[in-house]
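To start, the structure under review is shown below, and the notes come after it.
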Amino acid sequence: MGETINAGIAMMKVLEDWDVQQVYGIPGGSINSTMEALRVEKEKIDYIQVRHEEVGAFAATAHAKLTGKIGVCFGSAGPGATHLFNGLYDAQMDHVPVLALIGQVGTGDMNWDSFQEMNENPMFVDVSVYNRTVMTAESLPHVVDEAIRRAYKENGVAVVTIPNDLGKQEISTDFWSSGHSYVQPLLPEPNEQLIGQALELIKQAKRPIIFAGIGVKGATEELISLSKHLKLPVVMSSISKGTIPDDFEANMGSAYRVATKPGNETLEAADLIVMIGADFPFGRTKNLFKSQVKFIQIDIDAAKIGKRHNVDVPLLSDAKKAMKQLVAQSDEITHRRFYDACVANMKNWRAYLQQLADKTTEPLEVGSVFKQINRITTGNDVFAVDVGDVTMNSLRFLNMNPNQKFTTSALFATMGYGIGAAIAGKLTYPERQVFNLAGDGAFAMVMQDVLTQVKEKLPIINVVFSNESFDFIKDEQEDEKQKFYGVDLQGADFAMIANGMGAMGISVKTHQELITAFDKAVVADGPVVIDVKIRANRPLPAEDLQLDPATNSATEITEFKRRYEAEALQPISVYLNEFEVE
C-alpha cells in the first residue's frame, strides 16, 4: 500500500481543506474513532464539547448562517444522532450548508441489533440533501468531501454515517480533497428585456414596494440605491434584519406576525411588489398577497420564482446585479406620494417604540430592556435571537446596521436556538460583542450549555426575558378565543443558576438594577446571564391592527390604543390621505 494514514485523520484533513475550524458534539462509544482523529488534529480544528447535541447542531447551523461557510456537528449512534434533528431541520428550512457526522456501531456489529444500533440512513432522508453510510475505510475521506460539496451546492444538510471501526483503519495517503479548489458558482445575469419590462411595471404602479429576503444579504448599497432611486419602500423578511440600517427612512421592517406595523400596512397597501431573494410562505398561507397585486420576482433559483404567487416579470438573476441594472436603466423618480406616506407612517411607529423604550415603570417592560441593549452595542455586534415574543421584540426594538449580524431560527422557528447560536457567533467572531436574547421558556430548554460558554471562556451576554409564560403561544390562544392552558411557566432564579455554573449571573427587577447589570456585562471577561423579570404584556399585534375608523368601531380603537399604550399611533390611511395617494 505504500505510505498510509489513519482514515479518521484523513477525514479531518478533508475538513481542514474546507476551512472547517470548529466541530460541535458529545463523545460516544460509536464515534470514538472520530474523537481520536479530532484529538490528533486539535491544533487545526477546535472540538467544542457541548452539553447537548441539539445545541451543537444549532451552533453549526448558526455558523453557516453567520458566515456562509459550512457548519459541522456530530452525534454518536442512537440518542446522539436523534438529538441533532432540531438543529438540522433549522438548517434545512433556512437553506444553509451543514455537515452532520453520525456515529454507528462497527461493521462487524451492524445488523445484529447491537447496543444503540439504529438504521440511521432512513431517519435522515427527509432532512438531508446528501445522506450516506461509509462502506469502506478508503472511501471515508471521499464521502465526507462529497458531502460538503453537495451541502454547498444545495444549501442544505449533508449526513455521513461512520461505522466506528472504519475510522481506525489505515488507508493510502493518495486520497484527495476538493476544498482548496472549490469555486463559487457564477450567478445568473439579469435579462435586459425583462429589466425593461420590470421598469415599465414600476412606472405604471401607484404603490410599488420592495420585499427583500435573505437573497439581498451583501447588497446593502444596491438595495438602498434602488429604494431611493425609484422611491420604493422596503419591507424585509425577518431573517434579513440588519441588511439595511433600521434608521433608513424607507425601511418598513418585517411583515405578518413577527413584524412591524408599517411592514404589514405597506404590504397590504401595495399594488406592485418587487420580490427580491425572498421565499415568504406566509404570503400564501395567511393570504397576505392580494390577488390584484402585480409581482416582479428576482431570484437566483428558478424553482422559487412563482412558488408563492403569480409572477408578471420573472428575473432569474443575482439580486445585486439586477438591482444595479434597474437603477442604471431608469431615470430617478424624485417624488412619489406613496413613498412619502410610508416614510411618515414609519416615523410615527418609531416614535411609538421610543415611547415604550423610555418607560421606567416597574415591573419592567420589554422596551426598557432593549433600550439598555442598544445603549451598550458597539456597532459591530452579533445578535443570536431565540424564538417567541423575543423574536418579535428584537425585530422591533434592536437598532441595527449592516456591520452587525442577526441570526434566528426563521422558518423552523425552534425554541432553544439562541445559546448555541451565540456560542458559534463568539467562536467565529471573537472580537465582537455577542448577545443571546431569549425568553425564559426557550432559555430553560438549553440553559445547561451556559457551561459550554464557561468552559470555552466566551464573554457572551445572555439576556433572559423572564415573565413566567409562553407568551407567544398564549397570544395565539387568545386570538383563537381559547381559554389559556399550558402556557404558564414555573419561574426560576436564572442568575443564581448561572452563578452555580461559573458564569456571572445578575437578577434584575428595578430600572436602576437594569442599567447596572448592562454596565457590568459589557466589561465582563466571561459569560453573563442577565435575568430580567418583566411584565407579561402582549406586544402590539401588527397582524391584527384596530386603528382605522374605516374598519374598526370607535370602541375597538379606544380599547386597542389603551391596551397597547398607542394613543399617538395612527393607521397608514391617515398618511395616505395626507399625501393624497391614489
Side-chain angles (χ1 to χ4, degrees), residues 19 21-22 24 48 55 57-71 87 90-91 94-98 155 212-224 234 236-248 251 253-254 258 277-278 319-320 370 373-387 390-414 417-438 453 456 458-463 521-522 527-528:
D19 196 30
Q21 296 174 342
Q22 292 95 24
Y24 300 90
I48 307 300
V55 172
F58 285 145
T61 298
H63 175 85
K65 292 180 184 181
L66 290 166
T67 67
K69 295 182 179 180
I70 195 158
D90 183 54
D94 283 352
H95 306 295
V96 292
V98 167
N155 284 317
I214 196 68
V216 299
K217 286 284 187 182
T220 297
E221 182 181 336
E222 290 77 11
L223 181 56
I224 291 175
V234 182
M236 306 290 295
S237 67
S238 60
I239 203 170
S240 305
K241 182 176 174 68
T243 300
I244 57 177
D246 282 316
D247 62 5
F248 172 52
N251 184 350
S254 53
V258 182
K320 182 179 289 192
F370 277 96
I373 294 171
N374 287 326
R375 176 176 69 85
I376 68 165
T377 54
T378 64
N380 197 32
D381 316 83
V382 177
F383 298 101
V385 178
D386 221 301
V387 170
V390 69
T391 325
M392 184 190 315
N393 288 320
S394 295
L395 288 166
R396 293 177 180 182
F397 286 103
L398 282 179
N399 296 324
M400 288 187 61
N401 67 68
N403 293 322
Q404 295 167 311
K405 290 184 176 290
F406 178 95
T407 181
T408 190
S409 176
L411 290 183
F412 197 48
T414 175
Y417 177 82
I419 281 184
I423 290 168
K426 193 62 183 177
L427 288 168
T428 306
Y429 302 104
E431 76 289 352
R432 296 191 183 211
Q433 185 168 253
V434 176
F435 293 86
N436 163 38
L437 308 180
Q453 298 180 5
E456 298 294 331
L458 303 176
I460 292 166
I461 301 174
N462 301 275
V463 183
V522 79
V528 179

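Any value given below was found using the heavy atoms of this structure, including those in side chains, with hydrogens, waters and symmetry copies removed. The chain is numbered in sequence order, starting from 1.
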Point to revise | Working for side chain to side chain donor-acceptor pair (under 3.5 Å), residues Thr61 and Tyr417 | key: CA-CA 10 Å; Thr61 298; Tyr417 177 82; over 6 Å; no
Practice item. Decide side-chain contact (heavy atoms from CB on, under 4.5 Å) for Asn399 and Asp247; before the verdict, give the C-alpha distance in whole Å, the side-chain angles of both, and the deciding distance to 0.1 Å. Key: CA-CA 7 Å; Asn399 296 324; Asp247 62 5; over 6 Å; no
Exercise for review: Applying side-chain contact (heavy atoms from CB on, under 4.5 Å), run through Thr377 and Phe435 and close with a yes or a no.
Suggested key: CA-CA 10 Å; Thr377 54; Phe435 293 86; 4.2 Å; yes
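The shortest heavy-atom contact between Val387 and Thr391 is CA-OG1, 3.2 Å. Heavy atoms only, all atoms of each residue included: Asp94 and Ala410 are closest at OD2-N, 3.1 Å. The two atoms that bring Ala57 and Gly87 nearest to each other are CB-CA, 3.6 Å, heavy atoms only. Of all non-hydrogen atoms in Val390 and Ala438, the two that sit nearest each other are CG2-N, 4.0 Å. Taking all atoms of both residues into account, the shortest heavy-atom contact from Ala384 to Gly418 is CB-O, 3.6 Å. Listed here is the closest heavy atom pair of Gly213 and Ser240: C-OG, 2.9 Å.
With hydrogens and angles ignored, the 3.5 Å screen pairs a side-chain donor or acceptor of Asn251 with a backbone N or O of Pro245. Of the possible donor and acceptor atoms, none in the side chain of Asn380 sits under 3.5 Å from a partner among the backbone N and O of Gln433. When atom types are taken as modelled, the side chain of Gln22 and the backbone of Ala59 share no donor-acceptor pair closer than 3.5 angstrom. Under a 3.5 Å cut-off, the side chain of Asn462 and the backbone N or O of Val528 do form a donor-acceptor pair. A donor-acceptor pair is defined here as one N or O able to donate and one able to accept, closer than 3.5 Å; no such pair exists between the side chain of Ser254 and the backbone of Ser237.
Atom CG of Leu223 sits about 8.0 Å away from atom OG1 of Thr243, to the nearest 0.5 Å. Here CD of Glu431 is found 9.5 Å from OG1 of Thr378. Values are rounded to the nearest 0.5 Å. In this structure, the separation between CE on Met392 and CZ on Phe397 is 11.0 Å, given to the nearest 0.5 Å. To the nearest 0.5 angstrom, Met400 atom CE is 9.5 Å from Leu395 atom CG. Rounding to the nearest 0.5 Å gives a distance of 13.5 Å between NZ of Lys65 and NZ of Lys405. Rounding to the nearest 0.5 Å places CG of Leu427 at 7.0 Å from CD1 of Ile460.
Of the residues listed (Thr408, Leu437, Ile373, Asp386), the one engaging Ser394 in a side chain to side chain contact (heavy atoms under 4.5 Å, CB included) is Leu437, and it is the only one. Remark: of the listed residues Asn401, Asn403, Ile244, Ile244 is the sole one forming a side chain to side chain contact (heavy atoms under 4.5 Å, CB included) with Thr220.
At a threshold of 4.5 Å between non-hydrogen side-chain atoms, the residues Thr414 and Phe58 count as touching. The side-chain heavy atoms of Lys241 and Met236, taken from C-beta on, include no pair separated by under 4.5 Å. With contacts defined as side-chain heavy-atom distances shorter than 4.5 Å, the pair Thr428/Thr67 qualifies.
In this structure, Phe406 has its ring center no closer than 6.0 Å to that of Phe383.
Between the side chains of Asn436 and Gln453, no donor N or O sits under 3.5 Å from an acceptor N or O.
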